[in-house]
S.K.: 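Here it is, the structure, as structure tokens.
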Protein chains: 2
Amino acid sequence: MTTSIRRPRGPYAKTSRRRQEIVDAAVEVFSAGGYHKGSLRDVAGRVGLSQAGLLHHYPSKDSLLEAVLKWRDDDATAFLGEPVPEGLELLRGLVRLAEYNASSPELVELHVILSAEGTLPDHPLHGYFVGRHRNVIKIATAAFQRAAANGQLKPGVDSEDAARSLLALMDGLQVMWLLDRDGVDMAAHLRRYLQSQLTVEL
Amino acid sequence: MTTSIRRPRGPYAKTSRRRQEIVDAAVEVFSAGGYHKGSLRDVAGRVGLSQAGLLHHYPSKDSLLEAVLKWRDDDATAFLGEPVPEGLELLRGLVRLAEYNASSPELVELHVILSAEGTLPDHPLHGYFVGRHRNVIKIATAAFQRAAANGQLKPGVDSEDAARSLLALMDGLQVMWLLDRDGVDMAAHLRRYLQSQLTVEL
DNA sequence: GTCTATATACTGATAGAC
DNA sequence: GTCTATCAGTATATAGAC
């Protein structure tokens with residue numbers, strides 16, 4: 001997010017609001033079709049703009065998608081709290097995040113479709129998801145290490161392995177939940193997994 | 001697969017071979033781009049055919065994709081053996097399947113991208129994946145129930161929950177593996193999870 | 001069985017008026 | 001800031017010759 005010194009509030013605030021409307025609409029569109037199927041015309045239509053008009057705010061499809069991902073990351077970070085909590089607190093936060101996700105199907109759809117597309121090597125999002133994955137693994141591993149240092153982790157459990165299994169489970173549960181929303185309780189599955197790795201009550 | 005009585009072998013065998021060539025090429029194309037980005041022209045080019053020529057063998061994009069999914073299901077079934085093994089044998093088979101997958105990145109890509117697209121309600125594959133999911137859950141749940149009946153499952157573990165966690169883990173690990181092939185040992189993660197639910201050596 | 005040619009429909013992006 | 005008009009590219013599918 002860049003700020004302008006020369007246009008501090010008035011017109012800028014209006015443009016900013018407009019840009020947020022566009023991002024909201026883009027979330028709807030990319031959730032329902034992913035990057036490849038989602039079209040700028042569709043996004044534009046939802047905010048009462050022509051496609052060319054939309055391109056005035058975001059000069060390309062990629063730049064719009066980038067804004068969507070930034071918005072989603074900011075949303076998740078805000079949910080977990082800043083600075084990101086450590087140890088068991090982070091693990092508890094991830095369970096609460098799963099509960100939150102289950103109340104926002106759109107967010108889950110967005111994550112599932114974009115992260116799958118992002119695994120493909122020549123997808124515009126590939127680099128973003130590779131980097132994000134590295135970062136998330138690092139943070140979750142640190143949480144398990146902190147738990148281990150506090151004697152809260154079962155003996156023989158490797159922190160990085162536990163972190164990877166946890167994150168894979170989170171991702172896989174989201175796919176499964178989209179296929180069977182009433183049959184899958186994402187947070188409960190995560191809690192059970194975490195409990196099986198810990199020596200204390202989560 | 002329909003067979004013809006009037007053309008028992010010669011020309012039919014040739015056509016059958018051609019159709020398999022096409023399916024192989026389609027796996028490559030849909031692996032790399034999913035349903036929406038994968039194009040018939042691309043598939044056709046890989047087997048030295050024009051796009052219209054390809055449509056002679058599979059009259060629509062959907063029919064070709066259907067053939068691809070059938071081929072993949074048959075492949076997995078053949079790997080696990082028929083009839084599908086029961087109890088611990090099935091669980092061991094799923095671990096071996098993960099090892100097999102790790103030697104076929106293309107299969108993993110195909111599964112990850114198509115199953116993500118298939119979660120979207122209006123995707124042509126949605127019905128297929130919903131049905132497949134139900135079926136797979138049923139089989140895996142039965143395997144855990146069999147293990148429980150043999151006293152091989154830890155007390156307090158619900159068979160269906162264990163099955164769902166296992167399958168979510170399998171799916172999530174594939175996404176993760178595509179982002180970091182050297183850092184993720186899918187089979188090892190599955191084995192650890194299963195071992196944590198069982199009273200006997202897997 | 002395979003081709004060329006074509007119909008029809010979208011796509012993202014640009015040019016330039018207002 | 002938003003529009004219309006347009007360009008160049010892509011897609012699936014069909015018609016009909018060979």
Side-chain angles (χ1 to χ4, degrees), chain A residues 2 4 6-7 9-26 28-30 32-68 113-114 117 120 122-125, chain B residues 2 4 6-7 9-26 28-30 32-68 113-114 117 120 122-125:
Chain A
T2 60
S4 162
R6 303 190 53 199
R7 288 198 294 159
R9 247 193 311 277
Y12 174 71
K14 199 169 174 185
T15 291
S16 177
R17 223 180 302 128
R18 197 64 158 140
R19 284 170 60 97
Q20 186 55 50
E21 281 174 33
I22 292 171
V23 167
D24 290 345
E28 293 177 27
V29 169
F30 290 131
Y35 174 78
H36 283 119
K37 202 198 169 193
S39 85
L40 294 179
R41 276 180 174 82
D42 192 353
V43 177
R46 284 165 197 253
V47 293
L49 222 55
S50 72
Q51 184 236 12
L54 183 149
L55 285 174
H56 168 78
H57 298 277
Y58 293 97
S60 70
K61 187 179 185 178
D62 282 15
S63 70
L64 174 57
L65 192 61
E66 204 177 299
V68 167
I113 185 67
L114 289 186
E117 288 184 321
L120 305 178
D122 51 359
H123 194 279
L125 265 51
Chain B
T2 60
S4 161
R6 303 191 53 198
R7 289 196 294 157
R9 245 192 312 278
Y12 176 70
K14 201 168 170 185
T15 292
S16 177
R17 223 180 301 127
R18 197 67 159 136
R19 283 169 63 97
Q20 186 54 50
E21 281 175 34
I22 292 171
V23 167
D24 290 346
E28 292 177 27
V29 170
F30 291 130
Y35 174 79
H36 284 118
K37 202 198 170 195
S39 84
L40 294 180
R41 270 183 174 79
D42 193 353
V43 176
R46 285 165 196 252
V47 293
L49 222 56
S50 73
Q51 184 237 12
L54 185 150
L55 285 174
H56 168 76
H57 298 277
Y58 293 97
S60 72
K61 188 179 185 177
D62 282 15
S63 71
L64 174 56
L65 193 61
E66 204 177 298
V68 166
I113 185 66
L114 289 186
E117 288 184 321
L120 306 178
D122 51 359
H123 194 280
L125 265 51

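Here is the naming used below: chain letters follow the sequence lines, and residue numbers restart at 1 for every chain.
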S.K.: Return whichever of Leu49(A) or Gly38(B) has its heavy-atom-nearest nucleotide of DNA chain D closer to the 5' end.
M.R.: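 So the residue in question is Leu49(A).
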S.K.: Take the protein atom CD1 of Ile22(A) and the nucleotide atom P of dG1(D), then report the distance between them rounded to whole Å.
M.R.: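 Those two atoms, CD1 and P, are 10 Å apart.
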S.K.: Rounded to the nearest Å, what distance is computed from the NE2 atom of residue His36(B) to the P atom of nucleotide dT11(C)?
M.R.: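 Going from His36(B) (NE2) to dT11(C) (P), I get 11 Å.
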S.K.: Could you list by number each residue of residues 52-62 of chain B showing a heavy-atom separation from DNA chain D of less than 4.0 Å, or answer none if no residue does?
M.R.: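 Those residues are Ala52(B), Leu55(B), Ser60(B), Lys61(B).
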S.K.: Only distances under 3.5 Å count here; give the side-chain donor-acceptor pairs of residues 49-58 of chain B to other protein atoms, sequence neighbours excluded, each with its distance to 0.1 Å.
M.R.:
residue: Ser50(B); atom: OG; partner: Gly53(B); partner atom: N; Å: 3.0

S.K.: Just the rounded figure in Å: distance from C1' of dT10(D) to CZ of Arg41(A).
M.R.: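 Those two atoms, CZ and C1', are 13 Å apart.
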S.K.: Write down the distance between CG (Asp42(A)) and C1' (dG12(C)), rounded to a whole number of angstrom.
M.R.: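 That distance rounds to 14 Å.
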S.K.: Identify the heavy atoms of Ala26(A) and Val68(A) that sit nearest to each other, and give their distance.
M.R.: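 What the structure gives for the nearest pair is CB-CG2, 3.6 Å.
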S.K.: Just how far, in rounded Å, is C1' of dA5(C) from CD of Gln51(B)?
M.R.: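 Roughly 12 Å, once rounded to whole Å.
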S.K.: Glu21(B) CD to dT2(C) C1': how many Å, rounded?
M.R.: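 Rounding to the nearest Å, CD of Glu21(B) and C1' of dT2(C) are 14 Å apart.
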S.K.: List the steps and the verdict of side chain to side chain contact (heavy atoms under 4.5 Å, CB included) for Leu125(A) and Glu117(A).
M.R.: CA-CA 8 Å; Leu125(A) 265 51; Glu117(A) 288 184 321; 5.6 Å; no
S.K.: With sequence neighbours excluded, tell me which residues meet side-chain hydrogen bond (donor to acceptor under 3.5 Å, both in side chains) with Glu66(B).
M.R.: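 Testing Glu66(B) for side-chain hydrogen bond (donor to acceptor under 3.5 Å, both in side chains), a comparison that skips the adjacent residues, returns none.
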S.K.: Once you round it to whole Å, what is the distance between P of dA9(C) and CG of Leu40(B)?
M.R.: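 Going from Leu40(B) (CG) to dA9(C) (P), I get 19 Å.
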S.K.: Compare side-chain N and O positions of Ser50(A) against OP1 and OP2 of dT2(D) and report whether any pair is under 4.0 Å apart.
M.R.: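 No, Ser50(A) has no side-chain N/O under 4.0 Å of OP1/OP2 on dT2(D).
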S.K.: Check side chain to side chain contact (heavy atoms under 4.5 Å, CB included) between Glu21(A) and all other residues, then give those that pass, not counting sequence neighbours.
M.R.: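 Only Arg18(A), Val47(A) meet the side chain to side chain contact (heavy atoms under 4.5 Å, CB included) criterion with Glu21(A).
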S.K.: Throw together a table of side-chain donor-acceptor distances under 3.5 angstrom for residues 35-44 of chain A, partners on residues two or more places apart or in other chains.
M.R.:
residue: Tyr35(A); atom: OH; partner: Asp62(A); partner atom: OD1; Å: 2.5
residue: Ser39(A); atom: OG; partner: Asp42(A); partner atom: N; Å: 3.1
residue: Asp42(A); atom: OD1; partner: Arg46(A); partner atom: NE; Å: 3.0

